[in-house]
Amino acid sequence: MSASAGAPLLELIRVSRVHGEGATEVHALTDVSLQVGVGELVAVMGPSGSGKSTLLNLAGGLDRPTTGQVRIDGRDVAGLSHRGLAELRRRKVGFVFQDLNLIPSLTAAENAALPLELDGVGVRQARASALESLGSVGVAELADRFPEEMSGGQQQRVAIARALVGERRLVLADEPTGALDSHTGESVLRVLRARCDEGASGLLVTHEARHAAWADRVVFLRDGVVVDTTGAPPAAEELLDHPSGV
Amino acid sequence: MDETDAGAAGRRGSRGAGAFGHWYAGWRSALRLARRDASKHRGRGALVVLLVGLPVLLISAGLTAFATDDVNPVESLPRVMGQAQAVVSLSDAGVAAQRVLQGPYPMDGGYGTAGPAEREPGVPKRAPWTRERVQRLTGGTVLSTTTTVVRAEVGDRQVHAAALLVDGRQPVTRGMASLTSGRWPRTADEVVVTPEGAAAGLPTSGTITLAARGRPTKVTVVGTGTGWATATAHADLVALPAAEEAWEAPADRPQSFLIARSQPVTWSGVKQLNAHGLLVESRAVFEHPQEAQADPDVPPAESESDIVVAGIVALLVVGILLETVLLAGPAFAVSASRQRRSLALIASNGAPRAQIRRYVLAQAVLLGVFAAVVGAFLGVVAGLLAIRWWAASSHAMNAPGPVDIPVWEVLGVGACASVASLAAAYLPARGASRLDLIGVLRGQGVTARPVPRGLPVIGLVLAGIGGAVLAMNIANDGHEAGIAIGAIVLVAGALMLIPWLLSCVGRLGRRLPLPLRMATRDVGRQRGRGAPAVAAVMVAVTALTVLAIANTSDQAQARRDYQPQAPMGDGLVHGGGPGWPSAVAAVVHRQAPALDVTPVRRVGISQWFDPMSTSPDSHLPTSTTVVRLQKASCAVSPPGARGKSPVVPGYGSVGRCTALGSDRHDRRASIGVVDLRSARDLLHLTDSQVDVLARGGILVAPGREAVHDEHATVLAGTRRVTEYGQAVGSLRDPRVDRIAAATVSTATLDRFGLAGDTGALVTPATAASHHWPTFTDALQLHDPGGPVSSGDEDAITQHLPQNAFLQVERGFQSNLALLYSLLFGVFGTLVLVATLISTALAQAEGRADLGTLAAVGATKRLRRAVAGSQAFVVALVGSLLGLVVGFVPGVALAWPLTVEHMGSYDPATGNTTLADAGAAAPVIDIPWLVLAAVVIGVPVLAALLAAAAIRKSPEVTRRAA
C-alpha cells in the first residue's frame with residue numbers, strides 16, 4: 001500500500017514507549033500521535049530526556065513501541081520482520097545523524113549510492129542516481145572524495161543526499177547540525193528544507209529553536225508527552241534576523 | 001580507560017624525585033590502566049595472551065621435551081656405571097694392545113689409538129684383561145659387566161633381546177638395574193626379565209630358549225626388574241656376567257669393568273689407564289669435564305652439525321617470535337585505536353608523548369609477561385607429558401633421561417616473547433602518541449596517514465639486494481648461509497613494501513563489488529592493523545613456499561636418481577650361515593604360501609660372514625674355482641698378469657680381458673644361475689634365449705664384448721680363499737671353454753635378484769657340467785597376484801631366522817604427502833589465524849561503520865560479505881606476496897640441494913667414472929597445486945570462516961534521548 005496524495009508518509013498513532021519495568025520503569029513516550037505529510041518538514045523539540053530521540057528511533061523502525069502504531073508510507077512497522085525493516089530503510093527512510101554518518105572507506109558518490117547498491121541496483125545506475133542526489137544538495141563536485149577529505153557541512157549534505165537517493169522520500173534527522181558551526185548548520189538545513197519543498201518529507205530532531213524554524217510544524221515534547229504543536233512557523237529568514245523568537 | 005588516572009599520573013610524576021620518579025610514576029599509572037583495560041576488554045586481552053603465550057608454550061614444550069629426551073653425560077652416570085667411580089672398557093676387540101686417545105665422553109665423542117699400549121711388568125704381550133689385572137691398575141673393587149644382544153625364541157618368532165650382564169646383588173650396580181619381584185640371578189643360566197623384554201614377548205616366569213652361539217640354550221626366569229643396556233636403551237634381560245661365556249664366542253665378548261673405590265678417577269687417572277689401552281668413562285670427568293676439555297690432545301667436542309642445528313633452532317625461534325610480533329601487532333593497533341579518545345584526553349591534560357606511548361606499551365608489558373609466564377609453565381608441563389607419552393609409545397627408539405627443565409632457555413624464550421609483545425605494541429604506541437588531539441576530541445575520523453616516501457624505496461632496494469644475493473647463489477651453486485642471508489634481506493625489503501602495497505590495493509578497489517571495495521579500502525586505510533596481518537601471512541607463505549619448492553625439488557631429484565634394487569613388487573631375502581636358504585624358504589611357505597620362492601644362485605662361493613664376529617668362518621673352503629668370461633677381442637692368455645687387472649672398489653674399472661667373472665666384485669660382474677622354468681616365468685626370456693640356456697650356453701649383458709659369433713670364451717681356474725671369503729692369488733689349473741652365447745638386456749637381468757648384480761646367466765646344469773661352484777645369494781619372493789603385500793612382508797620378517805633379512809622393492813617412496821600435509825597444516829593455520837584475527841579486529845573496530853550500513857538497510861548477508869571480503873583480501877594479498885617473495889629463495893635453496901657431484905654410471909658396463917662429476921643438472925620442481933591451495937584455497941577458506949562467524953545483522957546504534 002502506498003500513501004495517496006496528501007496522506008501522511010509517516011504516522012505515529014498514540015505511541016507509547018516504556019523502558020524497564022516495576023521500580024525501574026521509565027515512560028520515554030506517552031500516547032504520542034504525529035503525522036508527517038509529503039513535502040512537510042516537522043521539527044521535534046524538547047529538553048534533554050524529553051523523548052526526542054526515542055521518537056526518532058520509533059519513527060525509523062529502530063525501536064518498537066510498547067503500545068500504539070508507527071506507519072511509514074501506510075505500512076505498519078510493527079508487522080515487519082528484520083528483513084522487512086532493512087528493506088524499508090533501503091527504500092523509504094534515510095537517516096542523518098550528528099555523527100555516524102558516512103562510511104569512511106567509501107567516496108561521497110559511493111556513500112550516496114549505498115542504499116541503491118544494497119538494494120541490488122547496478123553500480124552504474126546507482127552512481128548516476130547518487131550523482132543526481134549529490135547535485136540536488138549542491139555537492140556534485142565532491143563525488144569522488146572520501147569523507148575525510150570533506151568538511152563537516154559537506155559530509156552532512158552527502159548524508160542528506162544519501163537519505164533521499166532514488167525513491168527515498170523520508171529523512172529522519174537527529175541533530176544533523178550538532179557538530180557544525182552555525183553558518184554551516186544553517187546551510188545544511190537550507191538544503192533539507194529545499195529537498196522537502198521538492199516533495200521529500202522530514203522529521204528533524206533539534207534542541208535549537210532557530211533550526212526548528214525551518215520546519216513546517218514544531219512538536220514540543222516534555223517528559224515523553226507532546227505538550228505543544230505549532231502551526232505554520234514564521235519565515236526562516238525572518239527567524240535568522242531574530243534568533244530568539246519562537 | 002579511567003581518564004582521571006592519567007592526569008593524576010602526570011601530577012604525581014612531575015612531583016616525583018627527579019627523572020626516575022617521573023618514569024616510575026608514569027609506568028605505575030600506565031600499568032594500572034592497562035590492568036583495568038585488560039579486565040574490561042577480556043576478549044582482546046585473551047587474544048594477545050594467546051598469540052604471545054602459544055609460541056612460548058610450543059617452544060618451551062619443545063625445549064623441555066628435547067632436554068628430557070636427551071640423556072646428558074651426568075644423567076647417564078647411574079645407567080652406565082651405577083654407583084661406581086668409572087667403567088673401563090677394552091678399546092679394540094678385547095685386545096687393548098693400542099694406547100687410547102680419548103675425550104671426556106669416549107662413547108659419544110669417539111676415540112683413537114696412538115701407538116702400542118704400555119705393558120705392565122711381567123704380563124705377556126697379548127694377555128687377556130681380567131678383573132684382577134684391571135684391579136691391579138685401578139685399585140678398589142672391580143666388577144665385570146657387559147651388554148649383548150641374544151636371540152630368544154618366543155613361540156615361532158625370533159626376538160632380539162638386549163641383555164645387561166651384571167651382578168645385581170652388588171650395591172655398586174644400583175641405578176644400572178633394579179629388582180621388582182623375585183630374586184637376582186645366582187647362576188649363569190638364570191635371568192631377570194624387564195618390562196621391555198616382557199613387551200617384546202619374553203615370559204616373566206618359567207624358561208626362555210636363547211639361540212646363543214648358534215645352538216639353543218635354556219635359561220630360567222628368576223625375577224622381574226629393570227636394567228639399562230645403554231644410557232638410552234632399556235635392557236630386555238639382566239643376567240650374570242658369567243652368562244656371556246655360554247652366550248658368546250670367547251673372542252666376541254666385549255668386556256667392561258666397573259671400578260668401585262672411594263677415590264674418584266681423575267682425568268690424569270683416565271690418561272694413565274688409556275696408556276694401557278683401556279677406554280674410561282669416569283664419574284669425576286663426566287661431572288667436571290673442564291680439565292679434559294682443556295687438554296690439548298682432546299679434539300673440540302662441538303661438531304659442525306651441532307652448530308648447524310643450533311643455527312636452525314635459533315632461526316626457528318626468531319621466526320616464531322617475528323610471527324608473534326606480526327600477529328599481536330594488529331591487536332595492539334586496534335586497542336590503541338579504540339582508546340584514541342581517552343588517550344587524547346590524557347594528552348590534553350598534560351601527558352607528554354612518552355607517557356601516551358607508555359599507556360599502550362603497558363598493555364604489552366602486562367599481557368606479554370603474563371602470557372610468557374603462563375606459556376612457559378604450560379609448555380614445560382606439556383613437554384614433560386609429551387615425552388612421557390612418546391617414551392611409552394612404540395615409536396620411541398631411545399629411552400628419555402630424567403626430568404630436565406632447561407630453566408635458562410625457557411626463561412630466555414619467555415623474555416624474548418615479552419620483548420616481542422613490546423615490539424608488537426611499539427608502532428601502535430608511537431602512532432597513538434602522535435594523535436591529532438583536536439580532531440580526536442571533536443570526534444572526527446582519523447585520516448589515514450600517507451605512507452612515508454622513503455619506506456617503499458628502502459624496501460625495494462633491500463628486496464633487490466636480497467634477490468641479487470640469491471641469484472648469485474644460484475649462479476654459483478650456492479651455499480645455505482648465503483641463501484639464508486639473501487632470503488632474510490629479501491623478506492625485510494618485502495615487509496617494508498607492505499604499507500605502500502596496501503595503499504595501492506586500496507586504490508584498486510574502485511570497480512569491485514561493494515564488500516570487496518570496502519575491504520580493499522579498509523586494508524589500505526587501516527594499515528596499522530592491516531600491514532602486520534598481511535606481513536604475518538606473507539612470512540608464513542614465504543616459509544611455506546621455500547620449504548615446498550626445496551623439498552619437492554629434492555624429492556624429484558631423488559625420484560629421478562632412484563635405482564630399484566629388485567624387480568618391482570618382489571622381495572629379496574639375503575641371509576648367511578649354513579642352511580639358511582632352506583630355513584627361509586620354510587618360513588616363507590608357512591607364512592605366505594602364495595609367494596613363489598626362486599633361489600638367486602650365482603657362480604662362485606658365498607662371501608657372507610658375520611660382521612659382528614671377529615672369528616673366521618669355519619665353513620669357508622680354502623680354495624675355489626673362479627669363472628671369468630673373456631672379452632672376444634682378447635686372446636685367451638695363461639693365468640697371471642694379463643687376465644688380472646686391478647679392481648678399484650666402487651668404481652669398477654673393467655679389466656682388459658675379463659668381461660665379468662665370479663671373483664669380481666663390481667657391478668654386473670656375477671654370473672647368475674637360473675633354471676629354465678624361472679627363466680621363462682620370472683625373467684620372461686624369449687624362446688631363442690631360453691634355447692641358448694638349454695643348450696648349455698650363456699646369456700650376457702650387452703656391452704661386455706664377450707659374445708662373438710654366437711659364442712663366448714670362459715676361463716676357469718682355482719684361486720685361494722681368504723678367511724672373509726675373497727678369492728685371491730694367482731689363477732691355477734686354468735681351463736678354457738667355448739660355449740654358446742647370446743646377449744640379454746640389462747632390464748631382463750635386473751629381474752633376477754639384486755638389480756645391477758647379474759651380468760650373465762647360465763642354468764644349474766651348465767654350471768654343474770663345467771664343475772663351477774654355485775651358491776645361493778638370495779631368495780627372490782614373487783607374488784603372481786601383484787606386489788608382495790605388507791602383511792606378508794611383516795609375517796615373514798617376524799619369523800626369519802638370525803642373519804636373514806627381507807627387502808621388498810616398492811619403488812621410490814615419497815614422503816611428500818606427509819610433508820605437504822604438515823606444511824599445509826602448520827602454515828595454512830598460521831595464515832588462517834592471522835587473517836581471522838585481522839578480520840575480527842576490523843569488525844570490532846568498524847562497529848560504527850556497520851551501524852551506518854544498518855541505517856541504510858544493510859542485512860546480515862552484507863555484513864557477512866564484508867567480513868568475508870576483509871579476510872579474503874588480507875589473506876590473498878599476504879599469500880600472493882609470500883609466494884613471490886618465497887619463490888626466489890625456494891629455487892635458490894633447491895639448486896644446491898639438487899646439484900649433486902655424482903659420478904657418471906654406465907648401466908651397460910657397470911662402470912662409474914669421476915671424470916664427468918658435476919654433470920647432473922639441478923632439479924627445480926614447483927608444487928603448483930600445493931602453492932595454489934594455500935594462495936587461493938586458504939583465503940577462500942578464511943573468507944568462508946569469517947563470513948560464517950557473523951551471527952548477527954548489523955545494528956543501528958540507538959540514539960539516547
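Small disclaimer: the values here were computed from a predicted structure and weren't measured. Just so we're on the same page: letters track the sequence lines, and every chain starts at 1.
- In this structure, A855(B) and F97(A) approach most closely via the heavy-atom pair CB-CE1, 4.3 Å.
- A 6.0 Å sphere centred on CG of D144(A) holds more than 12 heavy atoms belonging to other residues, nucleotides or ligands.
- Of the two parts of R124(A), neither the backbone nor the side chain holds a non-hydrogen atom closer than 4.5 Å to a non-hydrogen atom of chain B.
- Heavy atoms only, all atoms of each residue included: L853(B) and L118(A) are closest at O-CD1, 4.4 Å.
- Chain A is approached within less than 4.5 Å, heavy atom to heavy atom, by R510(B), L514(B), R517(B), M518(B), R521(B) from residues 508-521 of chain B, ordered by number.
- Contacts between R168(A) and chain B at a heavy-atom distance below 4.5 Å involve the side chain alone, from C-beta outward.
- Applying the side-chain contact (heavy atoms from CB on, under 4.5 Å) test between V856(B) and each of R162(A), R89(A), E117(A) identifies R162(A) as the sole match.
- To the nearest 0.5 angstrom, L114(A) atom CG is 7.5 Å from L862(B) atom CG.
- Within the 4.5 angstrom heavy-atom criterion, atoms from both the backbone and the side chain of L106(A) approach chain B.
- No more than 12 heavy atoms of other residues, nucleotides or ligands lie within 6.0 Å of CD in E167(A), so this atom counts as exposed by the packing criterion.
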